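Here's the structure, in structure tokens; my notes come after.
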Amino acid sequence: MEKEKISRDEILNAIRHATDNIGVPERPEIPTPVGKKAKKTLHQQFCDMLEKVGGETRVITGKKTIDSVLKEILKEFKGETVLLNSDPELERLSIPEIVKDTGIVLLQTSEGTLDELSKSQVGITTAQAGIADTGTVILLHTGERGRLAALLPEVHIVLLKKTNLHADKSSAIAVLKSGNVHPGDIPMTWVTGPSLTADIEKVLVRGAHGPKRLIAILY
Amino acid sequence: MQSDPTKIKSYIRSALEDEALRQAVKKATDHSLTKRAEVVAELPHWENLRDRAAHIRNCAITGLEEHLLMLEERASAKGIEVHWAKDAAEAKRIVGDICTAATRVSGSSERPIIAKSKSMTTEEIGLTPYLEGQGFEVVETDLGEYIVQIAGQMPSHITAPALHLSRSDVGRLFADKLGVEYEDDPVKLIGIARKVLREKFMKAEIGITGVNFAVAESGTPVMVENEGNGRLVGAIPRVQISVMGIEKVIPTFEDLMVLLELLPRSATGQRITGSVLFFNRPRKEGETDGPEQMHLVIVDNGRTKALADPDLREVLRCIRCGACLNTCPVYRQTGGHAYGWIYPGPIGAVLAPIFLGLDKAGDHPFASSLCGSCSEICPVKIDLHRLLLNLRSRVTSEIAGWSGERAVISGWQSVMSRPDLYRALAGLPRFILHDILQGRWSPPLPIWGKSRSSPPLARSSFSEMFLKEFTNQEKPEG
């Protein structure tokens with residue numbers, strides 16, 4: 001520790017010494033970019049961009065309720081286990097009940113061992129915000145809203161409120177900063193599409209380490 | 001494993017003879033450049049973004065002390081333990097001590113597993129072999145990095161470590177090292193690796209990550225990745241250690257947003273990476289996952305040398321996208337291993353002499369055609385080819401053994417500034433070649449000549465021909 005303290009001071013001294021004659025760089029004349037006016041709604045944009053990177057999307061409108069859409073998706077996972085965070089928003093949307101209705105085994109992330117969690121085929125989480133121009137969901141990990149339900153299973157179903165969609169990264173950060181949680185205070189993951197690799201001959205393969213499928217439900 | 005930066009010349013020679021390697025590198029770099037061009041074209045204000053990014057990185061570097069102190073203060077306040085390392089040896093010792101302390105408690109008899117996500121800085125300091133020597137099992141979890149790890153090689157590209165290997169190379173490697181049946185379908189190969197690595201993740205006690213950016217205002221190490229391995233490293237192990245170079249700090253989240261626009265596009269031709277991870281704080285009571293202990297190791301290892309050098313300082317703007325490698329006509333022919341060092345391509349050829357010294361890496365700035373393509377593509381506008389030129393002049397003026405070249409150059413200078421002398425001497429080789437040797441010989445050009453053929457000298461010089469033609473012509477009227 002003592003030695004580290006010395007190194008810290010030496011590094012900082014070297015930096016001070018190296019930079020004390022440099023003035024603050026002058027800000028170059030940079031025109032404000034003329035943003036293209038988006039013709040589509042944010043959720044249309046979000047869906048387009050997410051689909052471009054291999055994600056799937058469902059939009060809740062009129063007769064299509066969360067209940068019916070989710071049941072439709074879960075049909076093919078009969079007999080499997082679904083991983084859920086204990087998340088008040090999931091409770092509010094009665095997701096645990098909907099899942100139970102379909103005859104699927106439900107496992108709360110707080111209740112299983114790591115091995116048990118990793119055997120689930122589907123994870124359902126909420127996203128706290130989204131970015132339309134990249135098709136990104138923003139996951140804030142607080143309380144029991146952990147990382148694993150969105151990560152261990154091969155299929156991640158994420159529920160995102162349309163009203164929590166932002167046009168781009170900067171506006172998302174601005175909104176998060178103005179809210180009651182600073183984006184620098186809570187562990188946060190931005191996820192865009194299923195997990196990918198192109199490490200063998202640049203061939204795009206889905207489901208490298210994380211989910212092979214990402215299904216976003218916008219409500 | 002070839003990894004001696006002083007042997008760059010001989011490595012390049014053998015790389016040039018390796019047809020399969022050159023095919024693989026060409027295919028991969030072409031692919032990256034095409035994808036990059038597509039997503040860059042979507043942004044009409046790309047040049048504007050580059051200017052902004054260069055400015056952000058300049059500000060980050062000129063105010064480095066202030067930003068690092070703020071990073072330290074804010075990260076510590078959130079429970080992230082901050083460490084400082086002057087050089088590679090100290091960084092390794094710090095990480096090793098954290099790992100030893102963390103696993104002593106668990107008291108298992110098996111070698112404790114460390115899951116690593118890809119990080120150039122940890123490659124630079126040689127962390128993995130060190131930790132293996134300390135009795136840990138270190139698993140590289142980025143698939144490309146895992147492939148080169150089990151092949152006993154080092155990465156050949158900053159963002160695509162196994163770019164030099166073909167699918168059949170990987171198939172043979174997996175069959176050999178993992179005892180699976182030979183397979184050359186990338187989907188199946190990735191499936192095999194996923195399974196092997198998932199088991200390692202489940203048992204990993206420590207996670208080590210790199211840092212793409214560290215946001216000072218909130219003390220946040222940020223990492224980008226695509227495979228989900230970084231997410232697993234940040235979710236499962238009890239202890240997380242993130243290693244960063246001092247120059248990775250940026251002041252604010254707003255700055256980060258600009259850089260996040262440029263980095264994925266330049267690196268992999270993506271609009272955004274599959275995940276962006278904000279390692280904001282350790283796990284709190286009642287939370288279900290994430291590290292209980294977080295460490296941030298800030299490493300100098302030669303960077304303050306670059307900072308103190310007004311001519312080279314701008315190299316610290318680099319955000320390690322690897323685009324300059326993809327576009328470099330030298331890298332595209334040789335691949336990354338030919339450089340004998342962890343940072344190849346134009347950026348590596350600038351960093352090598354700074355980090356390793358002119359004596360060890362004096363040849364690196366010469367592995368360039370100075371075409372300027374690297375400077376053109378750089379998302380933070382580092383004038384790479386000018387830095388290479390600057391380093392070349394240092395090599396020629398500072399390194400002993402170049403006095404012969406200096407004599408030749410000064411002789412050349414005096415001949416070139418005297419037309420009569422030039423004409424007399426320039427005629428001499430033609431006279432010898434054509435009149436004495438009858439054209440049966442071409443001049444031996446030692447280094448230059450080895451990989452090039454020299455065309456035969458013309459019978460007469462341009463000025464002779466010009467004068468002859470001109471005097472033969474009728475004079476124009478008037």
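Just so it is clear: chains get the letters A, B, ... in the order the sequence lines come, proteins before strands, and each one is counted from 1. Note that the structure is predicted; figures quoted are calculated from it, not measured.
For Ile173(A) against Glu254(B), the heavy-atom pair with the smallest separation is CG2-OE2, 4.4 Å. In terms of heavy-atom proximity, Glu144(A) sits nearest to Gly286(B) at CG-O, 3.7 Å. Ser275(B) approaches Thr189(A) most closely through the heavy-atom pair CB-CG2, 4.5 Å. Heavy atoms only, all atoms of each residue included: Ser195(A) and Gly228(B) are closest at CB-N, 4.4 Å.
No side-chain heavy atom of Leu176(A) sits under 4.5 Å from any side-chain heavy atom of Phe253(B). By the 4.5 Å heavy-atom criterion applied to side chains, Thr288(B) and Glu111(A) are not counted as neighbours. Here the side chains of Arg231(B) and Val191(A) are in contact, with some heavy-atom distance below 4.5 Å. Under the 4.5 Å side-chain criterion, counting only non-hydrogen atoms from C-beta, Asp168(A) is not in contact with Glu261(B). Taking the side chain as every heavy atom from C-beta outward, Lys202(A) and Lys27(B) never approach each other to under 4.5 Å. You'll find the side chain of Lys169(A) reaches within 4.5 Å of the side chain of Ile272(B), heavy atoms only. In this structure, the side chains of Glu201(A) and Ser166(B) come closer than 4.5 Å at one or more pairs of heavy atoms.
Heavy atoms closer than 4.5 Å to chain A are found in the side chain of Leu68(B), but not in its backbone. For Glu225(B), no part sits under 4.5 Å from any heavy atom of chain A, backbone or side chain. Both the backbone and the side chain of Leu152(A) come within contact range of chain B, with heavy atoms under 4.5 Å apart. Only the side chain of Ile246(B) comes within contact range of chain A, with at least one heavy atom under 4.5 Å from a heavy atom of that chain. Proximity to chain A (any heavy atom under 4.5 Å) is shown, for Arg283(B), by neither the backbone nor the side chain. The contact between Val170(B) and chain A is made entirely by side chain atoms (from C-beta outward), counting heavy-atom distances below 4.5 Å. Proximity to chain A is limited to the side chain of Ile147(B), based on heavy atoms less than 4.5 angstrom apart. If you measure heavy-atom distances from Thr268(B) to chain A, you find no contacts under 4.5 Å at all. In this structure, chain A has a heavy atom under 4.5 Å from the side chain of Arg93(B), while its backbone stays farther away. Of the atoms belonging to Ala85(B), it is backbone heavy atoms, and not side-chain ones, that fall under 4.5 Å from chain A. Contacts of Glu66(B) with chain A are absent, with no heavy-atom separation under 4.5 Å from either backbone or side chain. At a 4.5 Å heavy-atom cutoff, the contact between Thr220(B) and chain A is made by side-chain atoms alone. Leu114(A) touches chain B through backbone and side chain together, each having a heavy atom under 4.5 Å away. Heavy atoms closer than 4.5 Å to chain A are found nowhere in Ala24(B), neither backbone nor side chain.
When the options Lys78(B), Arg281(B), Lys284(B) are evaluated for a side-chain contact (heavy atoms from CB on, under 4.5 Å) with Ile186(A), the one that passes is Arg281(B).
Side-chain N or O atoms of Arg167(B) include none that pairs as donor or acceptor with a backbone N or O of Val203(A) at under 3.5 Å. In this structure, the side chain of Asp289(B) engages the main chain of Leu148(A) through a donor-acceptor pair within 3.5 Å. Checking side-chain atoms of Glu65(B) against main-chain N and O of Arg16(A) turns up no donor-acceptor pair under 3.5 Å. In terms of modelled atom types and a separation under 3.5 Å, the side chain of Asn280(B) and the main chain of Pro183(A) share a donor-acceptor contact. Judged purely by atom type and a 3.5 angstrom limit, Arg147(A) has no side-chain atom pairing as donor or acceptor with the backbone of Ile236(B). Proximity of a side-chain donor or acceptor of Arg194(B) to a complementary backbone N or O of Gly210(A) within less than 3.5 Å is detected.
Of all residues in residues 80-89 of chain A, none places a non-hydrogen atom less than 4.5 angstrom from a non-hydrogen atom of chain B.
Note: His55(B) NE2 to Glu26(A) CD = 9.5 Å, rounded to the nearest 0.5 Å. For the atom pair Ile11(A) CD1 and Thr304(B) OG1, the distance stands at 7.5 Å (nearest 0.5 Å).
When Val187(B), Asp169(B), Leu256(B) are compared by the number of non-hydrogen pairs under 4.5 Å with chain A, Val187(B) comes out ahead. Interface check for chain B: of the options Ala150(A), Ala198(A), Pro194(A), Gly143(A), the most heavy-atom pairs under 4.5 Å are formed by Gly143(A). Chain B forms more heavy-atom pairs under 4.5 Å with one residue of Gly184(A), Ser7(A), Ala18(A) than with any other, namely Gly184(A). Interface check for chain B: of the options Glu154(A), His17(A), Arg145(A), the most heavy-atom pairs under 4.5 Å are formed by Glu154(A). In terms of heavy-atom pairs under 4.5 Å with chain B, the best-connected choice from Gly146(A), Ser170(A), Ala14(A), Pro25(A) is Pro25(A). Between chain B and the options Gly207(A), Ala174(A), Ala172(A), Pro211(A), heavy-atom pairs under 4.5 Å are most frequent for Gly207(A). For chain A, the option among Arg74(B), Arg313(B), His157(B), Glu285(B) with the highest count of heavy-atom pairs below 4.5 Å is Arg313(B).
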List the steps, then state whether side-chain contact (heavy atoms from CB on, under 4.5 Å) holds for Gln270(B) with Thr192(A).
CA-CA 11 Å; Gln270(B) 291 173 290; Thr192(A) 309; over 6 Å; no
Does Leu117(A) form a side-chain contact (heavy atoms from CB on, under 4.5 Å) with Met202(B)? I'd like the steps, not just the answer.
CA-CA 11 Å; Leu117(A) 301 187; Met202(B) 292 298 154; over 6 Å; no
Could you check Leu307(B) against Thr19(A) for side-chain contact (heavy atoms from CB on, under 4.5 Å), going step by step and ending with a plain yes or no?
CA-CA 7 Å; Leu307(B) 189 66; Thr19(A) 52; 3.7 Å; yes
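When the ring pair (Phe, Tyr, Trp, His ring centres under 6.0 Å) test is applied to Phe201(B), the partners found at least two apart in sequence or on another chain are His209(A).
At a cut-off of 3.5 Å, with distance as the only test, a side-chain donor of Thr197(A) or Glu227(B) sits close to an acceptor on the other residue.
Within a 6.0 Å radius of NZ in Lys177(A), other residues, nucleotides and ligands contribute more than 12 heavy atoms.
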